[in-house]
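Below: one structure, written as structure tokens.
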Amino acid sequence: ALLGMRRVYVPLHPGLLSAWGALGAPVVRDWSRTVRLPSPSYAGLRTVLAALERGARREFAREVPGRVRAEPTVDVRYEGQSYEVMVPFGRDWSREFHRRHRRLFGHADPARPVEVVTLRLRLCGEAVRLPADEPSRPERRGPVGRQAVVFRGRSHQTPIWRRTDLAKGARIDGPAIVCEYSATT
């Protein structure tokens, strides 16, 4: 009422919604290794990243079975600078660094030596597939009782509904109390 809302939509199992969100989200972990590699080659970086990835995948597999996506990046700067630019790691990571540096700072110098300061690896595991919750189609039943509830300083004999008695998309006029296993609305 204070927000001027005329309708309220309540999802199934509202008390579990946050837990389901956490369970259904992809698992993401980050690893990094600080290095100081002046003018590194793709092959040299790939070797160091491969070692980091082997250890990370072993550790990650204990927590997340199934397919895992790896996202390697490198923090790069021109020699002598005190700030880095993170770029995706690939064969043309150096060209991407210059492009991003130009976009971020208005200049780039492909002839100037660069150094990689940090190797980063993000592993992303698949989200848990949650079963679709298809509620049965109950017959429309009436309230199972009434309870005195105070709204705006007035007591109302408020109907109490069982959530399991309400079909998907059911509309009831409020005030009302809807009880279910994980929450009361």
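All residue numbers refer to positions in the sequence shown, counting from 1. Because only heavy atoms are used, hydrogens play no part in the values below, and waters and symmetry mates are left out as well, while side chains stay in.
The neighbour count for R103 CZ, taken as heavy atoms of other residues, nucleotides or ligands under 6.0 Å away, is above 12.
L104 and V76 fall within a single hydrophobic cluster, where Ile, Leu, Val, Met, Phe, Trp and Tyr are joined by side-chain heavy atoms under 4.5 Å apart, directly or via other members. By the criterion of side-chain heavy atoms lying less than 4.5 angstrom apart, applied directly or through intervening Ile, Leu, Val, Met, Phe, Trp or Tyr residues, W20 is not grouped with V27; the two fall into different hydrophobic clusters. L3 and V10 fall within a single hydrophobic cluster, where Ile, Leu, Val, Met, Phe, Trp and Tyr are joined by side-chain heavy atoms under 4.5 Å apart, directly or via other members. The hydrophobic clustering, which links ILVMFWY residues whose side-chain heavy atoms are closer than 4.5 Å, places W93 and V117 apart.
T73 has its side chain out of reach of L119: every pair of non-hydrogen atoms, C-beta onward, lies at least 4.5 Å apart. Counting heavy atoms from C-beta outward, V74 and R120 have side chains that stay 4.5 Å or more apart. Looking at heavy atoms from C-beta onward, R54 lies in side-chain contact with R58 at the 4.5 angstrom threshold. Put simply, the side chain of E96 reaches to within 4.5 Å of the side chain of P88, judged on heavy atoms.
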Could you go through the side-chain contact (heavy atoms from CB on, under 4.5 Å) check for M86 and R100 one step at a time? CA-CA 9 Å; M86 183 188 291; R100 286 188 183 201; 5.5 Å; no

Run the side-chain contact (heavy atoms from CB on, under 4.5 Å) check on V87 and D75 step by step: do they pass? CA-CA 6 Å; V87 297; D75 292 359; over 6 Å; no

Kindly list each side-chain donor-acceptor pair under 3.5 angstrom involving residues 59-69, sequence neighbours excluded, with atom names and distances?
| unit_1 | atom_1 | unit_2 | atom_2 | d |
| --- | --- | --- | --- | --- |
| E63 | OE1 | R29 | NH2 | 3.4 |
| E63 | OE2 | R29 | NH2 | 2.3 |
| R67 | NE | E126 | OE2 | 3.4 |
| R67 | NH2 | E126 | OE2 | 3.2 |
| R69 | NE | E71 | OE2 | 3.0 |
| R69 | NH2 | E71 | OE2 | 2.8 |

Using residues 31-51 as the side-chain source, report each donor-acceptor pair under 3.5 Å to any protein atom, sequence neighbours left out, with the distance given to one decimal.
| unit_1 | atom_1 | unit_2 | atom_2 | d |
| --- | --- | --- | --- | --- |
| R36 | NE | E115 | OE1 | 3.2 |
| S41 | OG | G44 | N | 2.9 |
| T47 | OG1 | A43 | O | 3.0 |

Side-chain donor-acceptor contacts of residues 149-157 below 3.5 Å, not counting sequence neighbours, with atom names and distances?
none

Name the atoms and distances for all side-chain donor-acceptor pairs under 3.5 Å in residues 173-185, with sequence neighbours left out.
| unit_1 | atom_1 | unit_2 | atom_2 | d |
| --- | --- | --- | --- | --- |
| E180 | OE1 | H13 | N | 3.3 |
| E180 | OE2 | R163 | NH1 | 3.2 |
| S182 | OG | G15 | N | 3.3 |

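Between F105 and Y83, the ring center distance clears the sub-6.0 Å criterion. Residues Y78 and H107 place their aromatic rings such that the two centres sit no closer than 6.0 Å.
Minimum interatomic distance between L121 and E53 (heavy atoms only, all atoms of both residues): CD2-CA, 3.5 Å. When every heavy atom of H98 is checked against every heavy atom of A108, the shortest pair comes out as O-CB, 3.4 Å.
Between D165 atom CG and I160 atom CD1 the span is 12.5 Å, to the nearest 0.5 Å.
With sequence neighbours excluded, the residues satisfying side-chain hydrogen bond (donor to acceptor under 3.5 Å, both in side chains) with R122 are D30.
For residues 83-95, the set of pairs meeting the salt bridge (charged side-chain N to carboxylate O under 4.0 Å, His left out) definition, not counting sequence neighbours, comprises R77-E84.
A salt bridge does not link D109 with R112: every distance from a Lys NZ or Arg NE/NH1/NH2 to an Asp or Glu carboxylate oxygen is 4.0 Å or more.
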